[in-house]
Undergrad: 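Structure incoming, see below.
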Amino acid sequence: MNSSLHLWLIPVIPFAGFVLNGLLGRKLPKALVTAIALVATLIPFAQVADIWFRLNGISLPYIEHAGTWIQTGAFRAGFDLQLDHLSMVMLLVVTGVGFVIHVFSVGYMGHEEGYWRYFAYLNLFMFFMLTLVLAENFLLMFVGWEGVGLASYLLIGFYYLRTSAANAGKKAFVVNRIGDFGFLIALFLLIWHFGTLDFSTIFAQVAQHPEWQGGFLTAIALFLLLGATGKSAQIPLYVWLPDAMEGPTPVSALIHAATMVTAGVYMIARTHVIFNRSPLALTVVAIIGVATAFFAATMGIVQTDIKRVLAYSTVSQLGYMFLACGVASYASGIFHLVTHAFFKGLLFLAAGSVIHALNGEQDMRVMGGLWKKMPITFWTMTSAVFAISGIPPFAGFFSKDEILYQTFLSPGGKLLWFVGLVTAGLTSFYMFRLWYMTFFGETRYKGASLAEHGAAVHASSTSKLVLEAEPEGHGHGGIHESPWVMTLPLIVLGILSLIGGWLGIPEAMGGHNAIGHFLDPLLGSGREGSSQLALTLAAVSTLTAGLGWFFAHLLYFAKPELPEVLTGKIRGVYALVAHKYWVDEIYGALIVTPLLIVSKYLLQGLLDTGVIGGATYGGAYAAQGFGAIVQRVQSGNIRSYAGWLALGAAVLLIVTYFGFTAHFGLR
């Protein structure tokens, strides 16, 4: 019998940190704000780690009932928390990576005026993300789902006096409302068909009825998928994530790379029982995933802002996770989610270290030659670049290769596998392109270029950054390595980017696939092929990654003049990709502008001016007219009053007479 694990403490402690810093942080010393924020994240991580080490003595799934939230008739929704194999993996990722990024933020955000506000928002995000992961029912999951969206909005718009940041926050909020609408429709359908929103009850009912195939389960799955495409930035709702880079870089690492954006993948894996009953829904998931992976990778090739390269890379890697779920290999999707948290979190933090050293510069065209000046940042980021590119034995090789292998084995999956393979080559190319442009060649950064290339990228009117004075280190020796509070998290994530994938080494390569076997009781085992096929496909994917590296080396190291020559020959194609296929402009023309016209001119003119204004003015004129009549009655003339009194008495007598005769039947 399980003793109480007090799961409720895991999300509540970060919430306490949010309350303390949110209410008192403005008046507290910076050291105390830091201590509150870090302790509020460290304690949940320690509790999760303790549970992990005691896991053999815990019967899973373990459910805690913290109280009833809604009770109406037979329907009940409670504050119920659940620990199982899937939530255990997610808890380790969210609390572990979350704590490391909190530590990095101490150095990166140290000179910001809104320091206390930043950490309050970051703790609030942790509360909602942990609520989402631990929820035992759809309604509580939806609370966490909406909450992480709120925290994301607040953090994207942290530099709220900067128009681009404010617009990016609004864009993320509005686009995600579309996905959240789909999630809500799915909840209504679940209540209609099952009478409950508890995971265990719904999944048990589905298991008891093997004849339920497609139909209403397809409808539920597709609406859940709509919610997932919004939160996890998949086609057609991916457009908010690149703009979300307006927020501080550690926010991009935590929310828009390692945790929140994977919520859609987690939700599909959590509801795999429903998706498994709908081949149509799974096919749609796979197609959206592989299309997003390829589409975003092509856009990552031409980006010059270091954070936007990583943003499109995130969208692409999330597409791989969707592809895994679409071929019903949920465990490989979660495996890639874990390794992605390591190497993509590291990529953003290392980019933040570079941006910090260059005093806010994000344009890779004015970087270069940094590997000697920032050795820790260079070597740790190298680990992440090798990992995401699929170079063995780094983490991304094993997780991405497992997805491609499972896709190849799935029915009709050869075409999906090929597109995923090409995407892997593109990923390797644009990541090594970033690597060469940032760290190799001549040092192109000059202190004066800050004003020329966008000082406002990192500075804001809410920041105390003083551009007139030279940043620390630039006046004496120039560019410098980041402080230990920033480099230590890089080292931790760099090690994990190297060895994190060893948890999933397949049997064909002499491993045990520990993470796959751990998730098997909940998500089921993947397809099994021959060892020879597995090794052959692994060799092909490694060769593809090597080709991507080769072309990046040729174009951005060996012959750096070639990219300009090539782009000059394919200007049309280059312009199409550089402008992100004009998707934002198409959305603006087909959706945003018509909605603005309808809301501003039609609805505002018809409803505001016509109906509401008409009713208001009509009521005013009616009152004025009635007042004029009453004014005539109140003349002050005694004889006039006597006449009105007589008239009223006559009317009263007539009404009384007719009422009396009608009552007694005298007429």
Side-chain angles (χ1 to χ4, degrees), residues 5 7-14 41 44-53 55 58 60-64 80-101 125-138 140-145 147-149 151-152 199 224 227-228 231-232 253-272 314 317-318 321-322 324-325 330-345 395 399 493 496 500 503-504 514-523:
L5 299 180
L7 295 178
W8 60 273
L9 284 173
I10 297 175
V12 165
I13 291 174
T41 313
F45 174 59
Q47 184 179 355
V48 171
D50 176 66
I51 293 173
W52 170 256
F53 288 117
L55 202 59
I58 301 172
L60 299 179
Y62 167 84
I63 298 176
E64 278 186 5
D80 300 332
L81 305 179
Q82 173 179 263
L83 179 71
D84 59 12
H85 300 82
L86 179 57
S87 58
M88 187 72 244
V89 171
M90 290 296 295
L91 286 174
L92 287 169
V93 170
V94 174
T95 58
V97 176
F99 175 69
V100 169
I101 294 174
F125 166 78
M126 292 293 291
F127 163 69
F128 282 121
M129 188 68 201
L130 292 169
T131 299
L132 188 158
V133 170
L134 283 169
E136 196 281 328
N137 59 68
F138 281 97
L140 193 58
M141 174 188 270
F142 188 70
V143 171
W145 188 273
V148 293
S152 176
F199 293 142
L224 289 174
K231 196 66 70 185
S232 292
L254 178 61
I255 296 183
H256 305 126
T259 55
M260 186 197 83
V261 291
T262 62
V265 180
Y266 167 74
M267 184 258 281
I268 292 176
R270 171 64 66 196
T271 57
H272 70 281
T314 299
Q317 296 303 305
L318 290 167
M321 299 175 208
F322 270 67
C325 292
Y330 305 100
S332 62
I334 297 300
F335 180 27
H336 197 56
L337 183 156
V338 172
T339 61
H340 180 263
F342 300 152
F343 61 70
K344 185 53 66 64
S399 57
L493 290 177
L496 291 174
L503 293 171
I515 192 168
H517 290 308
F518 179 75
L519 293 170
D520 278 353
L522 184 68
L523 300 180

Undergrad: Can you tell me how far apart OG (S87) and CG (L92) are? Round to the nearest 0.5 Å.
TA: 10.0 Å

Undergrad: List the atom of P14, the atom of L130, and the distance in Å for their closest heavy-atom pair.
TA: CG-CD1, 4.1 Å

Undergrad: How would you list, by chain and number, every residue that makes a side-chain hydrogen bond (donor to acceptor under 3.5 Å, both in side chains) with H256, sequence neighbours excluded?
TA: S152

Undergrad: Drop me the distance from L337's CG to T262's OG1, to the nearest 0.5 angstrom.
TA: 4.0 Å

Undergrad: Name all pairs fulfilling the salt bridge (Lys or Arg N to Asp or Glu O under 4.0 Å) condition that reach into residues 254-270, sequence neighbours left out, sorted by first residue then second.
TA: D84-R270

Undergrad: Are any side-chain N or O atoms of Q47 and backbone N or O atoms of L5, one a donor and one an acceptor, separated by less than 3.5 Å?
TA: yes

Undergrad: Quick one: does L55's side chain get under 4.5 Å of L60's, heavy atoms only?
TA: yes

Undergrad: To check you understand the geometry: which heavy-atom pair defines the closest contact between W8 and P11, and what is its length?
TA: O-CD, 3.1 Å

Undergrad: Output all residues satisfying side-chain contact (heavy atoms from CB on, under 4.5 Å) with V148, sequence neighbours left out; order by chain, then residue number.
TA: F125, F128, M129, L132, K231, M260

Undergrad: Please report the shortest heavy-atom distance between L523 and A269, naming the atom on each side.
TA: CD2-O, 3.6 Å

Undergrad: Calculate, to the nearest 0.5 Å, the distance between atoms CG and CD belonging to L134 and E64 respectively.
TA: 9.0 Å

Undergrad: Could you tell me which residues satisfy side-chain hydrogen bond (donor to acceptor under 3.5 Å, both in side chains) with T131, sequence neighbours excluded, listed by chain and number?
TA: none

Undergrad: Do the side chains of L519 and Y330 get nearer than 4.5 Å, heavy atoms only?
TA: no

Undergrad: Mind checking side-chain hydrogen bond (donor to acceptor under 3.5 Å, both in side chains) for S232 and listing every partner two or more places apart, or none if nothing turns up?
TA: none

Undergrad: Can any side-chain N or O of S399 pair as donor or acceptor with the backbone N or O of F335 at less than 3.5 Å?
TA: no

Undergrad: Indicate yes or no: at least one non-hydrogen side-chain atom of F343 is less than 4.5 angstrom from one of L493.
TA: no

Undergrad: Find out whether L83 and L91 are in side-chain contact, i.e. whether some heavy atom of one side chain is under 4.5 Å from a heavy atom of the other.
TA: yes

Undergrad: Go through the structure and list residues passing side-chain hydrogen bond (donor to acceptor under 3.5 Å, both in side chains) with D80, not counting sequence neighbours.
TA: H65, R76

Undergrad: Would you say that F127 contacts I13 through its side chain, given a criterion of any heavy-atom pair below 4.5 Å between the two side chains?
TA: no

Undergrad: So, using ring pair (Phe, Tyr, Trp, His ring centres under 6.0 Å) as the criterion, who are the partners of F518 when residues are at least two apart?
TA: W52, H85

Undergrad: How many angstroms lie between atom CE of M321 and atom CD1 of I334, to the nearest 0.5 angstrom?
TA: 8.5 Å

Undergrad: Which atom pair, heavy atoms only, marks the closest approach of V94 to M126?
TA: O-CE, 3.5 Å

Undergrad: Are I51 and I10 close enough that some pair of their side-chain heavy atoms sits under 4.5 Å apart?
TA: yes

Undergrad: Do Q82 side-chain atoms and A135 backbone N/O form a donor-acceptor pair below 3.5 Å?
TA: no

Undergrad: Restricting to ring pair (Phe, Tyr, Trp, His ring centres under 6.0 Å), what partner residues turn up for Y266, sequence neighbours left out?
TA: none

Undergrad: With sequence neighbours left out, what residues match T314 under side-chain contact (heavy atoms from CB on, under 4.5 Å)?
TA: L241, A257, V261, L318, H340, K344, F348

Undergrad: Would you please name every residue forming a salt bridge (Lys or Arg N to Asp or Glu O under 4.0 Å) with D520, sequence neighbours left out?
TA: none

Undergrad: With sequence neighbours left out, what residues match F45 under side-chain contact (heavy atoms from CB on, under 4.5 Å)?
TA: L42, T95

Undergrad: Identify, with sequence neighbours excluded, every residue that meets side-chain contact (heavy atoms from CB on, under 4.5 Å) alongside A258.
TA: V97, A341

Undergrad: Is it true that a side-chain atom of H336 and a backbone atom of G333 form a donor plus acceptor pair closer than 3.5 Å?
TA: no

